[in-house]
Protein chains: 2
Amino acid sequence: MSHILGVRQAQKQKTRQALMDAALALLEEQSLSSLGLREVTRAVGVAPTAFYRHFRSTADLGVALVEEALGSLHPMIRATVTSADSSGERIERAVDLIAGHVNAYPAHVRFIARERHGGVQPVREAIRDQLGRFADEVKAELAEDAEAEGWSDDDLLMLSHLYVDQMLITASLFLEALEASPEDRERVGLLATRQMRLISIGRRHWLD
Amino acid sequence: MSHILGVRQAQKQKTRQALMDAALALLEEQSLSSLGLREVTRAVGVAPTAFYRHFRSTADLGVALVEEALGSLHPMIRATVTSADSSGERIERAVDLIAGHVNAYPAHVRFIARERHGGVQPVREAIRDQLGRFADEVKAELAEDAEAEGWSDDDLLMLSHLYVDQMLITASLFLEALEASPEDRERVGLLATRQMRLISIGRRHWLD
DNA sequence: AATTCCGGAGAACAGTTGTTAACTGGATGA
DNA sequence: TCATCCAGTTAACAACTGTTCTCCGGAATT
């Protein structure tokens with residue numbers, strides 16, 4: 001996977017990552033469409049023109065951030081949804097996964113929630129594509145379940161989107177509760193768990 | 001309700017509304033956090049300083065837009081959720097209401113979807129408050145239903161939030177499909193209907 | 001009819017923005 | 001070792017931003 005990079009390429013990737021990190025930090029208090037290129041380079045400590053060595057524009061940077069934020073998440077989602085044990089345990093595992101991810105990468109989660117409907121079209125599209133892939137993968141997992149007997153492809157995808165959207169809503173709620181009391185965060189977890197459970201109950205009786 | 005305004009106050013409200021309309025139009029291609037005050041006044045055709053006669057800042061304008069976009073929606077939601085006939089018909093009515101509203105006020109819907117998780121805190125809070133009120137009202141309607149027998153207040157509110165979030169997701173999908181083919185828009189409607197139906201099925205079997 | 005009020009205009013302010021061009025100096029490959 | 005490459009720098013550009021202060025003219029009040 002990892003090539004042995006020369007000193008030059010390593011340095012380039014380092015500043016590129018620094019630009020992305022700085023942007024992500026700045027985006028906690030604004031939207032991508034108001035993020036200035038000079039603002040980012042100033043935070044990193046490089047000249048404004050250095051930005052162009054890595055990105056064509058801040059929108060371009062945003063697309064790269066989408067890849068960073070969601071690209072590595074696919075195996076985790078698959079692993080979480082798979083799990084052949086009880087449905088209740090699967091839900092708890094999913095909620096815990098989300099809570100843990102929000103704790104570990106709050107800026108990434110905030111960025112995705114913010115720019116999913118944000119003012120920069122290419123970024124919206126990148127997020128939509130990634131979420132669409134999530135839905136496809138969840139669908140593939142659901143299809144292998146015994147409960148999927150008799151379900152049409154269309155209905156499976158419908159349910160998958162419901163789950164994916166619910167995951168995002170839950171992540172956003174955990175994010176809001178990040179600086180709140182532990183009891184509040186626990187309450188968010190319980191709320192999300194019950195909502196997922198209700199959806200799963202609907203799934204179980206869908207074919208009645 | 002409506003006072004008879006003097007010429008002066010009428011003119012003031014007129015330019016205030018013009019500022020809000022221009023801002024809403026400009027926000028179709030960017031986020032509020034990048035909306036400049038001069039940009040808005042230029043679009044209206046007034047001096048930049050005139051802006052301050054109406055709003056302290058663009059964030060302030062945003063809060064006013066939230067009120068305009070969501071404030072008048074409460075009675076509609078109540079009326080749609082009430083309706084004592086079949087659950088299936090109620091869902092279809094709700095989806096139609098959403099589709100119609102998106103067609104009638106696309107810029108408002110886009111604004112809410114965009115700024116709900118956007119970069120301007122006061123606006124986020126204003127939207128959160130309004131959506132919270134929606135959830136409370138939906139909950140009150142659900143509580144009067146016969147199916148609410150044995151439901152805890154907490155579970156009713158859980159379900160209400162699920163419904164409200166689902167409405168927003170649906171509105172956002174309709175928005176994306178606004179310029180798509182009529183078949184695509186119909187597909188969005190069917191998807192949303194089935195998702196709402198699945199949630200309603202989950203509701204029916206919640207107490208099992 | 002005389003006075004106050006006030007929404008909007010005008011000019012000016014110091015800072016900021018994206019983008020260009022030409023450059024430097026160390027890593028790279030022959 | 002020497003020529004090439006290229007990430008990052010410096011300087012300059014016109015255009016733009018939010019905000020202040022001063023002023024105007026017509027509506028509102030007395």
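Please read all numbers here as calculations on a predicted model, not as lab measurements. Values below: all heavy atoms of this structure, side chains included; hydrogens, waters and symmetry mates excluded. Here is how names work: the chains are called A, B, and so on, in the same order as the sequence lines, proteins then strands, and each is numbered from 1.
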If you check the [X] side chain, which of [options] turns out closest?
X: B:Arg42; options: D:dG18, C:dG8, D:dT17; result: D:dT17
X: B:Lys12; options: D:dG8, C:dG7, D:dT19; result: C:dG7
X: B:Val46; options: C:dA9, C:dT20, D:dG18; result: C:dA9

Sugar-phosphate, base or nothing in reach of A:Ser57, heavy atoms under 4.0 Å: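 The residue A:Ser57 makes no contact with any strand.
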Sugar-phosphate only, base, or nothing, as touched by A:Ala50 at under 4.0 Å among non-hydrogen atoms: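 If one applies the 4.0 Å heavy-atom cut-off, A:Ala50 turns out to touch a base.
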B/S/- contact track for nucleotides 22-30 of chain D, protein heavy atom under 4.0 Å: ---BBBS--
D:dT10 base / A:Thr49 side chain donor-acceptor hit below 3.5 Å: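 Checked by distance alone, the answer is yes.
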Sorted by number, the residues of residues 16-38 of chain A with heavy-atom contact under 4.0 Å to DNA chain C: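 Within this stretch, A:Gly36, A:Leu37, A:Arg38 sit under 4.0 Å of the strand.
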In whole angstrom, give the distance that lies between atom [atom1] of [X] and atom [atom2] of [N].
X: A:Lys14; N: C:dA27; atom1: NZ; atom2: P; answer: 13 Å
X: B:Glu39; N: C:dT17; atom1: CD; atom2: P; answer: 16 Å
X: A:Phe51; N: C:dT20; atom1: CZ; atom2: P; answer: 14 Å
X: B:Tyr52; N: C:dG8; atom1: OH; atom2: P; answer: 15 Å
X: A:Gln13; N: D:dG8; atom1: CD; atom2: C1'; answer: 17 Å

A:Arg78 bridged to A:Glu141 by N-O distance under 4.0 Å: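 Salt bridge between A:Arg78 and A:Glu141, a charged N being under 4.0 Å from a carboxylate O: yes.
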Option from A:Val44, A:Leu61, A:Thr15 for which side-chain contact (heavy atoms from CB on, under 4.5 Å) with A:Phe51 holds: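 In the set A:Val44, A:Leu61, A:Thr15, the residue that makes a side-chain contact (heavy atoms from CB on, under 4.5 Å) with A:Phe51 is A:Leu61.
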Result of checking A:Val95, A:Ile169, A:Val109 against A:Phe174 for side-chain contact (heavy atoms from CB on, under 4.5 Å):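 Only one of A:Val95, A:Ile169, A:Val109 forms a side-chain contact (heavy atoms from CB on, under 4.5 Å) with A:Phe174, namely A:Val95.
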Donor-acceptor pair, side chain of A:Arg114 and main chain of A:Leu27, under 3.5 angstrom: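 A pair under 3.5 Å: yes.
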Backbone N/O of B:Asp184 and side chain of B:Ser181: donor-acceptor pair under 3.5 Å: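 Side chain of B:Ser181 to backbone of B:Asp184, a donor-acceptor pair under 3.5 Å: yes, one is there.
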Other residues, nucleotides, ligands: >12 heavy atoms within 6.0 Å of B:Glu125 CD: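 Count over threshold, so yes.
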Crowding at CD, B:Glu147 (>12 non-hydrogen neighbours, <6.0 Å):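 Yes, CD of B:Glu147 has more than 12 neighbouring heavy atoms, counting only those of other groups under 6.0 Å.
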